[in-house]
Amino acid sequence: MKHYLSIKDIDSLSDWVSEARTLKANPMAHKNLGEGKTICLLFFNNSLRTRLSTQKAALNLGMDVMVMNFGSEGWQLEFEDGAVMNQGKSEHIKEAAKVVSQFCDIVAIRAFASLTDKEKDEAEIVLNGFKNYASIPVVNMESSVAHPLQALADAITIDEQHTKPRPKVVLSWAPHPKALPHAVANSFVEMMQLQNADFVITHPKGYELNPEITKDTVIEYDQEKAMENADFVYVKNWSSYSDYGKVISQDLDWMMTLEKLGNAKFMHCLPVRRNVVVEDAVLDGEQSLVIEQANNRTYAAQVVLKKILSSLTPKRGIKNDAL
Amino acid sequence: MKHYLSIKDIDSLSDWVSEARTLKANPMAHKNLGEGKTICLLFFNNSLRTRLSTQKAALNLGMDVMVMNFGSEGWQLEFEDGAVMNQGKSEHIKEAAKVVSQFCDIVAIRAFASLTDKEKDEAEIVLNGFKNYASIPVVNMESSVAHPLQALADAITIDEQHTKPRPKVVLSWAPHPKALPHAVANSFVEMMQLQNADFVITHPKGYELNPEITKDTVIEYDQEKAMENADFVYVKNWSSYSDYGKVISQDLDWMMTLEKLGNAKFMHCLPVRRNVVVEDAVLDGEQSLVIEQANNRTYAAQVVLKKILSSLTPKRGIKNDAL
Amino acid sequence: MKHYLSIKDIDSLSDWVSEARTLKANPMAHKNLGEGKTICLLFFNNSLRTRLSTQKAALNLGMDVMVMNFGSEGWQLEFEDGAVMNQGKSEHIKEAAKVVSQFCDIVAIRAFASLTDKEKDEAEIVLNGFKNYASIPVVNMESSVAHPLQALADAITIDEQHTKPRPKVVLSWAPHPKALPHAVANSFVEMMQLQNADFVITHPKGYELNPEITKDTVIEYDQEKAMENADFVYVKNWSSYSDYGKVISQDLDWMMTLEKLGNAKFMHCLPVRRNVVVEDAVLDGEQSLVIEQANNRTYAAQVVLKKILSSLTPKRGIKNDAL
């Protein structure tokens with residue numbers, strides 16, 4: 001495997017989930033695999049779970065980790081081809097990506113959607129900039145339109161927790177005071193499309209996700225109806241896709257409650273706004289899987305890094321020959 | 001030992017000091033103890049000594065270290081139970097603490113006093129938030145009301161430097177342009193109460209520390225009288241406790257000078273304002289122990305981490321079972 | 001070797017370059033040399049290449065690395081002797097440098113020129129502050145007036161790429177929207193003065209570098225003439241030295257183009273403003289060595305750290321004896 005940019009880079013979800021669970025049972029089993037290898041984690045946005053879990057996964061594999069807040073510690077990047085760089089941006093992605101490739105073996109990138117420019121967001125200029133110009137594998141730590149490490153952790157969690165061969169899974173939109181990106185929802189949808197599951201999306205009208213992602217997934221505007229007999233309910237806010245990046249409803253009737261949840265397990269990627277997205281009783285109750293999901297972030301990252309490391313050819317010290 | 005939150009977590013000061021001095025003589029002796037274990041250092045405030053010494057102590061024990069500036073790199077935390085999180089705060093301490101616990105074996109926290117809300121400061125909402133919701137040991141890297149790693153380093157330093165069985169130790173308030181917390185003074189007082197020492201506190205009227213901490217410790221408002229025959233003088237500014245967080249005096253007559261110091265050794269936790277808190281001649285002279293104190297920060301942290309590591313039961317990879 | 005502060009600390013350029021190339025061929029050959037040793041990288045300014053390459057070099061030598069953004073994560077430093085510290089600065093360089101020396105074995109510093117106060121910049125108050133008060137070796141990761149790790153990487157690159165015993169090397173000024181320091185140009189000039197090369201500097205009138213650095217190096221104001229038969233062209237912007245820190249020309253006629261370059265190899269330290277400093281066709285063409293230069297930053301740092309490590313006497317755990 002070269003890169004891990006989206007759910008599409010998973011060749012067999014069941015194999016990956018199975019391997020992640022094996023790693024979870026014995027996280028240090030491949031401590032030698034990453035010896036002498038370095039991963040750079042480059043953050044263009046804040047992070048808690050992704051920062052710590054990806055670092056932990058790399059350490060479990062014996063890698064060295066270099067963490068950098070690119071925005072505040074590095075140089076402002078230009079992404080346009082042919083730009084005359086006489087304004088605020090000091091370095092072009094072409095150089096930045098190639099340069100980073102000299103100092104590490106894998107680079108992981110977090111760069112959120114702007115939510116102001118749909119076209120630029122969908123072009124994934126930061127992630128694809130690194131993909132196009134780096135000479136090393138690139139891992140997506142949440143980009144404009146995808147968060148495939150989160151979705152893989154979610155798949156591991158469902159695999160651990162499901163009791164039926166074909167569980168019913170609902171993705172339920174929730175209110176939120178701020179406009180949030182579509183990345184988590186998108187990757188969860190794509191991942192569910194690979195699962196053997198009865199999958200339904202529910203949200204107020206106007207909150208339809210990108211139809212190229214939802215495809216023929218059932219969309220049910222009546223939350224109560226959508227949740228009937230659900231086994232897992234994944235709650236998440238996102239801003240409007242059609243009226244791009246706008247908050248068109250903050251209707252608290254869409255907040256998840258213990259009553260609505262019934263017997264379903266509750267999932268959320270975190271961070272979560274208590275008593276806006278979901279009431280305390282759900283998060284503090286026994287049906288919540290959010291901490292399990294967070295824990296599985298480590299093993300999702302670890303299976304990805306393990307697969308990338310396994311496919312690296314030894315080339316230390318002669319890297320520049322490849323340029 | 002579960003946590004290291006205050007001086008009260010030291011079961012035998014003399015044993016700890018003795019163990020720290022043994023570690024100092026051979027810092028790498030327990031390099032295998034922390035193998036495969038990770039500590040997260042979470043900073044809600046700036047740090048130099050604490051950041052580097054705690055990191056160094058962990059490295060000496062073979063641990064992996066993940067450092068994070070929680071304020072700028074993570075999410076703004078909510079601490080109130082039952083809060084409706086529709087304002088600026090993105091994540092509740094309940095989730096944050098549990099999540100961090102998934103990725104490391106020990107978490108260390110720095111979160112200063114606000115000096116604006118005495119009740120909240122004394123509730124230690126950040127430190128206690130982590131203590132209450134984390135499933136791993138918590139170390140205090142300076143909280144609102146305590147700095148027990150500093151006090152332990154101070155105890156090590158006094159133990160190394162004392163020449164009398166019962167030295168006279170003075171804690172002397174000093175002027176400062178800004179309002180500073182009480183944490184260092186509090187923990188030094190509590191630590192001295194455990195020592196075999198003749199201990200006196202001196203400060204202008206109105207600068208009394210929390211009486212629940214000073215208890216029956218002698219307070220002498222005449223600095224000159226307090227310092228008679230002192231063996232160690234610990235100088236430190238703090239803001240008013242009764243008129244909470246206020247600077248009620250900047251009287252430079254309280255600055256420590258070589259003349260006042262007599263034959264005593266000079267101590268300060270650093271950073272220190274030269275020629276405001278203490279004159280150059282003291283810091284640049286042979287009676288100053290400030291660099292020794294800083295050096296001992298490593299071994300104070302190392303003895304704490306060693307004790308915590310020794311009490312950890314192996315549980316890697318099955319962490320989620322404990323939830 | 002004690003410190004690496006400037007090109008003057010290189011005792012034999014040819015030996016160092018040769019050793020760097022040996023390290024590049026086998027970067028892990030001295031993985032045990034740095035075992036149990038720690039380097040602190042202290043950044044007073046932003047960094048990409050220097051941050052990652054110096055970290056990588058240290059890891060290649062088996063060292064532990066502690067990275068700190070001193071400005072934002074630590075305390076604001078006072079550098080004046082005898083200062084009454086009753087303003088914004090919390091800690092004096094005397095304490096900061098001595099304290100850092102307690103926690104690591106080597107300290108590396110990045111502190112750019114202010115470009116507002118020539119005297120202070122030339123006094124190198126940050127770098128020399130650490131040199132004067134630290135008890136451990138100090139490495140310059142770009143100071144006010146020098147960037148010797150960059151220049152060493154440049155020397156390695158020229159050594160790898162040259163085809164003539166005495167190549168012609170041109171340092172050509174380029175336009176830039178912002179006022180930039182002289183550090184890179186200075187160190188490149190000093191390094192070229194040690195090389196067996198036909199070396200020429202070209203720039204508009206008014207952009208003369210410090211004559212104490214350029215000495216008798218040929219300065220040719222006609223760029224075209226300067227570049228005749230060049231083998232290597234090093235392009236770099238700097239602000240005026242005589243009219244200190246001012247931008248006195250942004251003349252795009254000085255931008256490097258493929259046409260001007262002829263058969264020469266193109267060098268730049270990066271980050272570079274495309275189509276201002278140099279046109280795309282040069283950077284995207286085969287004559288550009290910029291990524292090689294960046295790659296060689298690791299081996300420049302590694303040879304420096306290796307020499308310092310080799311000269312360290314074992315003193316762990318008894319460090320405070322030396323105070």
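For the numbers below, each heavy atom of this structure counts, side chains included, while hydrogens, waters and symmetry mates do not. Because the structure is predicted, anything quoted here is derived from the model rather than measured. Within every chain, numbering begins at 1; the chains are lettered A, B, ... in the order of the sequence lines, protein sequences first and strands thereafter.
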Taking B/Asp231's backbone N and O only, do any of them form a donor-acceptor pair with B/Asn263's side chain (distance below 3.5 Å, no angle check)? no
Under 3.5 Å: donor-acceptor pair, side chain of C/Thr38, backbone of C/Cys104 = no
- [ ] Kindly say whether B/Met28 contributes a backbone atom to a donor-acceptor pair with the side chain of B/Asn60 at under 3.5 angstrom?
- [x] no
Problem - Donor-acceptor pair, side chain of C/Tyr4 and main chain of C/Ala108, under 3.5 angstrom - result: no
So, the part of B/Asn45 with a heavy atom under 4.5 Å from chain C: the answer is neither
Can a donor-acceptor pair be found between the side chains of C/Asp117 and C/Tyr244 at a distance below 3.5 Å?
no
Applying a strict 4.5 Å limit to non-hydrogen atoms, the region of C/Gln87 in contact with chain B is backbone
Highest number of heavy-atom pairs under 4.5 Å with chain B among C/Ser90, C/Ser72, C/Gly82, C/Gly74 belongs to C/Ser90
Cut-off 4.5 Å, heavy atoms of chain C, and the answer for B/Arg110 is side chain
Of the listed B/Asn46, B/Val65, B/Asn275, the one with the largest count of heavy-atom pairs under 4.5 Å with chain C is B/Asn46
Do B/Ser239 and B/Leu180 come within less than 4.5 Å of each other through their side chains, counting heavy atoms only?
no
One option among B/Val67, B/Leu283, B/Val277 has the most heavy-atom pairs under 4.5 Å with chain C, and it is B/Leu283
If one checks every heavy atom of C/Met68 against chain B at 4.5 Å, the contacting part turns out to be side chain
